Amino acid sequence: MTVRTRFAPSPTGYLHIGGARTALFSWAYARKNKGQFILRIEDTDVARSTPEAVKAILDGMSWLGLDWDEGPFYQMQRIDRYKQVIQKLIDEDKAYYCYCSKEELDDLRERQMRLGLKPRYDGRWRPEKGKTLPAPPSGIDPVVRFKNPDSGFVVWDDLVKGQISISNEELDDLIIARSDGTPTYNFCVVVDDWEMGITHVIRGDDHVNNTPRQINMLKALDAEIPFYAHLSMILGSDGQKLSKRHGAVSVMQYDDDGYLPEALLNYLARLGWSHGDEEVFDMEKFSHWFDFNSITSSAAQFNLDKLNWLNAHYIKHADLSLLVSKISKRLTSLNVDLAQGPDLLKVIELYRERSNTLKALAESIIYFYQLPDIDLELAGKHMTEDVLPILRSFTVKLNDVEWKIEAIHDLIQQTVSDNGLKFPKIAMPLRIMLTGGAQSPSVDAVMVLLGKSEVLSRINSFLDKIKNNLNK
RNA sequence: GUCCCCAUCGUCUAGAGGCCUAGGACACCUCCCUUUCACGGAGGCGACCGGGGUUCGAAUCCCCGUGGGGACGCCA
């Protein structure tokens, strides 16, 4: 049997973390088994589906590098086929027209809730032996309902949750075609999973309750029942459900925020799945290791700290040229002119280990290309009266030094020794004048990158400013 | 309300009856490295939801409770 999995998002919003993980697991299982991964857009909710959302989903998938073998299929383009199958079910007495109005149904539900019952359709239009149906009211377009078995159990071995059994008495006759004739989700899924030959349905566990209905319809169509794997949800970092209002952001937002797709993928893979103590691995390894036995059946909380840690790791190990291209895009969009400073590649090489995100990395190196705002309070703390003269004479000597890390380092070292000081006594003021702040890589390395004339110009202009202030 | 699912450090997880004095990772703390901040290295803090069974033995199996989540749409 060739494994065929699918990812079937509805285009009512962007691709978020939960969807991305579902897609990732489906993709991985297909890859592991040399099967096919199919992308299907479930756009039968005409009112809420948008082309923008379709694009957002496709963008998200390709940013993550989750490539599909077939599709994207659009359900709206298969409407005729669904209608045929619906007609077939009606002809075979496996489905029927129901003339209940929405108001009637709301009424029914409300009454059942009041009685402590599970709200469900009572089957008033369901044709049965010896039962007389009311006359169809005129002027009402009926919906089509599937005739669900009214006894027995639907049982399946969920690949994640184990055996699940649900009584048919809990299920009602669900609507498979709306009054305007369009088929509904539960029905389209069944027809598609069947006709597209899906062998493993991997989806969020909010679909567990749909599964028995779908199995019943599959049986009615004499179709093979696929395996089901229901993934537990991903909760927000506060343990609350993710929703549009609450923390469910597009995967593309992670791109904007400076995360590498391989970091997000690695993080997501590890959320609800494990392979012993493995924490850091690429998708080749993941698709090799992936299996349903190692999926956790409980919900997982999203944790940004760990994503940050992974992202830092991937930044540290990324191709320098890739980082250069990503960082230069960011800096350019911040109106930073890269021609005004050192080779970006050299800067990134020195700074890549210091940031969790590309965004932070880009922002941390801006002062190579434009003058930094100097933290004056901090400067005051380090540039005390006693070090100013030493700094001045150091600057003069700097003019003649060979512009290499060691030579600069030696000069600083010699200056502090001559004056009975410790290294930071000179290094800190230099750092502040050159970068604006108190944190940077080794100051000699920063100086080499900045270049001699820029270094001297920044130091001198700051020292002059101090002098002028003192004279005032 | 009814049905379904879930339950190990703060978080992600390992754990398939003895290997568990419960392992790893993130976060946190301490120390080392050091030119500040990071990186890196070495340590540390920290958990089996509760109660009953089953068993010579239970984090692991069963039952009940509790807590969390999901579903109950002419949404997907």
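Since this is a predicted model, take the numbers as computed values, not measurements. Here is the naming used below: chain letters follow the sequence lines, and residue numbers restart at 1 for every chain. Heavy-atom basis, side chains included; hydrogens, waters and symmetry copies ignored.
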Let me see the working for A:N266 and A:Y314 under side-chain hydrogen bond (donor to acceptor under 3.5 Å, both in side chains), right down to the final yes or no. CA-CA 10 Å; A:N266 191 158; A:Y314 282 97; 2.6 Å; yes
Nucleotide nearest [X] when distance is taken to its side chain, options [options]:
X: A:A300; options: B:U36, B:G73, B:U13; value: B:U13
X: A:T184; options: B:A76, B:G1, B:U11; value: B:A76
X: A:Y185; options: B:A76, B:C74, B:U11; value: B:A76
X: A:N209; options: B:G1, B:A71, B:U35; value: B:A71
X: A:D277; options: B:G24, B:G70, B:U35; value: B:G24
X: A:S10; options: B:G69, B:A76, B:C12; value: B:A76
X: A:R431; options: B:U36, B:A27, B:A76; value: B:U36

[atom1] gap between [N] and [M], integer Å:
N: B:G50; M: B:A7; atom1: P; value: 14 Å
N: B:G15; M: B:U30; atom1: C1'; value: 30 Å
N: B:G46; M: B:G70; atom1: C1'; value: 31 Å
N: B:A27; M: B:C12; atom1: P; value: 15 Å
N: B:A14; M: B:A25; atom1: P; value: 15 Å
N: B:A22; M: B:G17; atom1: C1'; value: 15 Å
N: B:C19; M: B:C61; atom1: P; value: 16 Å
N: B:C29; M: B:C9; atom1: C1'; value: 15 Å

Only one of A:D410, A:D418, A:V416 passes side chain to side chain contact (heavy atoms under 4.5 Å, CB included) with A:Q414; say which it is. A:D418
Evaluate the salt bridge (charged side-chain N to carboxylate O under 4.0 Å, His left out) criterion for residues A:R81 and A:E195: first the C-alpha distance (whole Å), next the side-chain angles of each, then the deciding distance (0.1 Å), finally the verdict. CA-CA 10 Å; A:R81 176 57 189 151; A:E195 296 193 334; 2.4 Å; yes
Within 45 degrees of the axis of the six-membered ring of A:F37 and under 6.0 Å from its centre: does A:R6 put its NZ or CZ there? no
Taking the cut-offs as 6.0 angstrom to the six-membered ring centre and 45 degrees off its axis, would you call A:R458 and A:F462 a cation-pi pair?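 Not flagged: A:R458 not positioned over aromatic ring of A:F462.
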Protein-nucleotide distance ([X], atom [atom1]; [N], atom [atom2]), rounded to Å:
X: A:H207; N: B:G73; atom1: NE2; atom2: P; value: 16 Å
X: A:Y97; N: B:C74; atom1: OH; atom2: C1'; value: 15 Å
X: A:H382; N: B:U35; atom1: NE2; atom2: P; value: 16 Å
X: A:R111; N: B:C72; atom1: CZ; atom2: P; value: 21 Å
X: A:E278; N: B:C26; atom1: CD; atom2: C1'; value: 16 Å
X: A:Q301; N: B:A7; atom1: CD; atom2: C1'; value: 13 Å
X: A:R114; N: B:C72; atom1: CZ; atom2: P; value: 21 Å
X: A:K118; N: B:C4; atom1: NZ; atom2: C1'; value: 7 Å

Base, sugar-phosphate or nothing for [X]? Non-hydrogen atoms, less than 4.0 Å.
X: A:K102; answer: base
X: A:A438; answer: base
X: A:P9; answer: nothing
X: A:S179; answer: base
X: A:G272; answer: sugar-phosphate
X: A:S274; answer: sugar-phosphate
X: A:T296; answer: sugar-phosphate
X: A:D180; answer: nothing
X: A:T44; answer: sugar-phosphate
X: A:H409; answer: base
X: A:V208; answer: sugar-phosphate
X: A:L117; answer: base
X: A:E279; answer: base
X: A:C100; answer: base

Under 4.0 angstrom between [X] side-chain N/O and [N] OP1 or OP2:
X: A:K316; N: B:G40; value: yes
X: A:R109; N: B:G73; value: yes
X: A:S232; N: B:C6; value: no

Return yes if a side-chain donor-acceptor contact under 3.5 Å exists between A:Q163 and A:D158, otherwise no.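 Checked: A:Q163/A:D158 side chains show no N/O donor-acceptor pair below 3.5 Å.
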Does [N] have a Watson-Crick or wobble mate here (both distances under 3.5 Å), and if so which one?
N: B:A25; result: B:U11
N: B:G1; result: B:C72
N: B:C33; result: none
N: B:G50; result: B:C64

Sort out for me which residue in A:F286, A:Y29, A:Y267 forms a ring-ring contact (aromatic ring centres under 6.0 Å, His included) with A:W273.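 For A:W273, the ring-ring contact (aromatic ring centres under 6.0 Å, His included) check succeeds only for A:F286.
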Is a donor-acceptor pair below 3.5 Å formed from side chain A:R270 to base B:U13, judging by atom type as modelled?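 Between B:U13 and A:R270, which were checked side chain against base, a qualifying N/O pair under 3.5 Å is absent.
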With nearest nucleotides of RNA chain B determined for A:Y267 and A:D45 from heavy-atom distances, which residue corresponds to the more 5′ nucleotide? A:Y267
Using heavy atoms to find the nearest nucleotide of RNA chain B for A:N210 and A:G162 separately, return the residue whose nucleotide is more 5′. A:G162
Rounded distance (nearest 0.5 Å) linking atom CE of A:M428 with atom NZ of A:K422: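 It is 15.5 Å, given to the nearest 0.5 Å.
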Given the rule in the salt bridge (charged side-chain N to carboxylate O under 4.0 Å, His left out) test, do A:E363 and A:R330 qualify, once you have shown the distances and angles that lead to the verdict? CA-CA 9 Å; A:E363 284 164 0; A:R330 277 175 187 277; over 6 Å; no
Specify whether A:W289 and A:H275 have parallel, tilted or perpendicular ring planes, treating 30° as the upper limit for parallel and 60° as the lower limit for perpendicular. parallel
